[in-house]
**Q** 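Here it is, the structure, as structure tokens.
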Amino acid sequence: MTWLTWRQFRVQALTAATALATAAILLGATGPHLASLYAASGLAGCRGDSCANAASDFLGQLQTDGLDHVVYPLGLVLILITPAIIGIFWGAPLIARELETGTYRLPGARASPGPGG
């Protein structure tokens with residue numbers, strides 16, 4: 001059964017692994033610089049009204065530095081849309097196949113004992 005599952009979903013699995021590796025490389029390349037900008041902005045220790053000024057300073061530094069003004073918003077968008085993309089292209093075919101073949105009934109049939117216990 002594991003072999004069959006791998007055969008059916010290997011393209012999706014390899015695509016997901018490639019996307020994860022790409023994101024890891026991108027975050028590894030830009031992460032230390034973003035961390036130093038965050039520490040220098042004072043956001044880590046701000047309290048109350050000073051957070052607005054520290055946040056605007058941090059975002060202002062992001063706008064002026066190299067690739068960070070592209071990577072930061074792109075990362076935020078990816079965090080928001082990745083679950084939807086996974087659900088659409090990976091989860092929906094799995095659910096559709098279960099509904100089409102009727103195998104969704106099997107777990108319920110096994111969970112309840114038959115007549116006579």
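The analysis underlying the following values was restricted to heavy atoms, covering all of them including side chains, and did not include hydrogens, waters or symmetry mates. None of the values given here were measured: they were computed from a predicted structure.
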**Q** Determine the minimum heavy-atom distance between P32 and L27, stating which atoms define it.
**A**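 The answer is CD-O, 4.4 Å.
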
**Q** In Å and rounded to the nearest 0.5 Å, what is the OG1 to CD1 distance from T30 to I25?
**A**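 Atom-to-atom, T30:OG1 and I25:CD1 are 11.5 Å apart.
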
**Q** With rounding to the nearest 0.5 angstrom, report the CG to CD1 distance, L74 to I79.
**A** 10.0 Å

**Q** Identify whether L78 and L26 are in the same connected component of the hydrophobic contact network (ILVMFWY, side-chain heavy atoms under 4.5 Å).
**A** no

**Q** Give, for atom CG of N53 and atom OG of S41, the distance between the pair rounded to the nearest 0.5 Å.
**A**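 Spacing of CG (N53) from OG (S41) equals 11.5 Å.
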
**Q** State, with a plain yes or no, whether a side-chain heavy atom of I86 is found less than 4.5 Å away from one of P83.
**A** no

**Q** I85: which other cluster members, linking ILVMFWY side chains closer than 4.5 Å, directly or transitively?
**A** I88, F89

**Q** Under the side-chain hydrogen bond (donor to acceptor under 3.5 Å, both in side chains) rule, what pairs show up with a residue in residues 85-99, not counting sequence neighbours?
**A** E98-T103

**Q** What's the separation between atom CD in Q61 and atom CG in L34, rounded to the nearest 0.5 Å?
**A**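 One gets 10.5 Å once the value is rounded to the nearest 0.5 Å.
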
**Q** With rounding to the nearest 0.5 angstrom, report the CG to OG1 distance, L20 to T15.
**A**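 Here the rounded value is 12.5 Å.
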
